[in-house]
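Please see the structure below; I have some questions.
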There are 2 protein chains.
Amino acid sequence: MALEHAILVSLLEKPGSGYELARRFERSIGYFWTATHQQIYRVLKRMEADGWVDVRDVRQQSRPDKKEYSVSASGLSALTGWLHEPVQPESVRHELAVKVRGAAFGDPAALIDEVERHQRMHRDRLAHYLAGERRDFGGSGTAGEPGAEAFGPGDPDAGRELRHAVLRGGIAYERMMIAWLDDVLATLHRLASRRRTGPASDPAS
Amino acid sequence: MALEHAILVSLLEKPGSGYELARRFERSIGYFWTATHQQIYRVLKRMEADGWVDVRDVRQQSRPDKKEYSVSASGLSALTGWLHEPVQPESVRHELAVKVRGAAFGDPAALIDEVERHQRMHRDRLAHYLAGERRDFGGSGTAGEPGAEAFGPGDPDAGRELRHAVLRGGIAYERMMIAWLDDVLATLHRLASRRRTGPASDPAS
DNA sequence: TCCTGATATGCAACTTGTTGCATAGGCAAG
DNA sequence: CTTGCCTATGCAACAAGTTGCATATCAGGA
């Protein structure tokens with residue numbers, strides 16, 4: 001399992017409660033690893049039982065109390081150990097690709113709206129990434145950046161640079177998807193117009 | 001669930017047994033949707049109970065008998081219905097990205113081998129895709145292509161073009177990953193050398 | 001004859017992930 | 001003062017996916 005490790009990374013970057021973790025999983029971390037709050041609370045319990053994290057009750061005014069989790073020494077060694085283990089060929093799940101192939105047995109034109117919807121989503125996410133990049137890594141020098149306060153061992157800039165590298169990956173991924181969905185849309189439009197004019201005629205090619 | 005629908009698409013492209021499906025999920029379909037044979041057998045049972053597929057016992061010589069599954073009318077309508085439903089924002093699971101971020105809390109150099117191993121895998125897969133593209137879609141005209149025999153409704157070329165569009169997506173994805181992993185490797189090497197010379201000195205920038 | 005390997009199907013136990021619901025404190029608007 | 005919203009935590013039931021094992025046919029080689 002890697003949810004434990006994703007939580008360890010997030011808590012090392014900054015300690016927080018299950019609720020805060022759940023919100024991070026809707027934003028930064030969630031762009032390459034998703035989890036619901038139920039999952040997070042359950043896994044945090046297990047991690048606490050395993051001694052990977054320490055808990056601290058925090059009284060708050062104007063909002064309910066919370067439990068703040070932070071990574072213990074044994075949690076850190078679990079993470080560094082995991083870094084040395086090979087990851088298996090990560091299982092892919094591209095539902096839209098299944099649909100595109102399935103469109104051959106239905107109406108290809110019916111998929112156009114859906115593909116456009118996905119493309120809009122990827123455009124939005126790309127814009128969000130680029131804004132984050134400008135904010136956190138833009139310009140020159142080491143400007144203030146959230147989530148970089150609580151670094152433990154190693155180069156304090158390493159976290160910053162590695163987060164930037166991951167973000168560049170997200171940006172590259174969104175750009176690739178937007179371009180591919182353009183390609184898919186062109187194919188669907190071509191098939192739709194060919195269907196209207198009759199399956200035998202294909203004046204373009 | 002989408003495994004049912006991935007199986008429907010595969011069986012519509014060509015009827016086959018659970019075992020044959022399992023092998024397809026290690027190859028073509030498996031590149032955007034993974035499943036083990038246990039999962040496939042279990043889901044085929046359910047699909048049979050739901051009347052989505054028809055079964056036929058096939059006697060074979062020089063190998064054990066098999067059950068050949070094919071999509072029923074109700075299975076086809078289930079697929080076309082699914083095509084109209086919106087897919088939700090597909091959950092992402094990029095374990096390597098978690099590791100890259102986690103490398104800030106361990107030794108960044110330790111990840112280099114792992115990243116190179118992944119990059120080799122992506123290079124191999126890209127080569128495999130490109131070979132498949134040349135074989136099935138290369139040159140001009142409509143050359144013979146496996147898996148395109150049993151098309152039902154619609155343009156018989158639609159399946160071919162849509163499979164090509166999905167394959168182009170796979171190619172774009174692998175190229176993007178290879179380039180990004182180059183980027184990650186450069187970052188890791190930079191951090192590793194900075195670490196050797198001391199965290200304070202950074203002669204390059 | 002026994003062993004290996006490919007084909008072929010499947011069960012059982014377990015881990016993960018999802019969905020729906022429940023609870024509770026405090027704030028602000030109506 | 002009730003209703004809705006955000007914070008905060010959690011259970012229970014279910015669905016999906018993984019791991020390990022079991023079985024059987026048939027071919028070819030040791």
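Order of the sequence lines fixes the chain letters, A, B, ..., with proteins taken first and strands second; residue numbering starts at 1 for each chain.
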(message) Go nucleotide by nucleotide along DNA chain C from the 5' end; which of Gln38(B) and Arg93(B) gets its closest nucleotide reached first?
(response) Gln38(B)

(request) Please report the shortest heavy-atom distance between Phe137(B) and Arg163(B), naming the atom on each side. (result) CZ-C, 4.1 Å

(request) Please test Gln119(A) against Arg123(A) for side-chain hydrogen bond (donor to acceptor under 3.5 Å, both in side chains), starting from the C-alpha separation and ending with a verdict. (result) CA-CA 6 Å; Gln119(A) 204 184 36; Arg123(A) 278 190 215 280; 3.3 Å; yes

(message) With heavy-atom distances below 4.5 Å as the criterion, would you say the side chains of Ser70(A) and Arg56(A) are in contact?
(response) no

(request) Give one of base, sugar-phosphate or nothing for Arg59(B), where a contact means two heavy atoms less than 4.0 Å apart. (result) nothing

(request) Using the heavy-atom set of chain B and a strict 4.0 Å cut-off, write down the first and last nucleotide of DNA chain D that makes it in, 5' to 3'. (result) dA16(D) to dA27(D)

(message) Using a 4.0 Å heavy-atom cut-off to protein, can you give one letter per nucleotide of nucleotides 23-30 of chain C, 5' to 3': B if the base is in contact, S if only the sugar-phosphate is, - if neither?
(response) --BSS---

(request) Specify the separation, in whole Å, of atom CZ of Arg46(A) and atom P of dC14(C). (result) 15 Å

(message) Please compare Glu68(B) and His37(A) by the position of their nearest nucleotide in DNA chain C and report the one closer to 5'.
(response) Glu68(B)

(message) I want to verify a distance call: between dG17(C), dT16(C), dA8(C), whose nearest atom is closest to the Tyr19(B) side chain?
(response) dA8(C)

(request) Apply the test side-chain hydrogen bond (donor to acceptor under 3.5 Å, both in side chains) to residues Arg168(B) and Thr187(A): give CA-CA distance (whole Å), side-chain angles for both, the deciding distance (0.1 Å), then the verdict. (result) CA-CA 11 Å; Arg168(B) 287 195 300 271; Thr187(A) 306; 3.3 Å; yes

(request) State whether a side-chain donor-acceptor pair under 3.5 Å links His5(B) with Glu95(A). (result) no

(request) Take atom CD1 of Ile40(A) and atom C1' of dT18(C), then tell me their distance rounded to the nearest Å. (result) 13 Å

(message) For Phe32(A), run the side-chain contact (heavy atoms from CB on, under 4.5 Å) check against Leu96(B), Val98(B), Val100(B) and tell me which one passes.
(response) Val98(B)

(message) Looking at Arg46(B) and Glu4(B), is there a salt bridge between them, counting it only when a charged N and a carboxylate O are closer than 4.0 Å?
(response) yes

(request) Please state how far atom NZ in Lys45(A) lies from atom C1' in dT15(C), giving the value in whole angstrom units. (result) 19 Å

(message) Check for me whether the distance between the ring centres of Tyr31(A) and Tyr129(A) falls short of 6.0 Å.
(response) yes

(request) Would you kindly give the CZ-to-C1' distance between Arg42(B) and dA12(C), to the nearest whole Å? (result) 10 Å

(message) Angle between ring planes, Tyr173(A) versus His122(A), binned at 30° and 60°: parallel, tilted or perpendicular?
(response) perpendicular

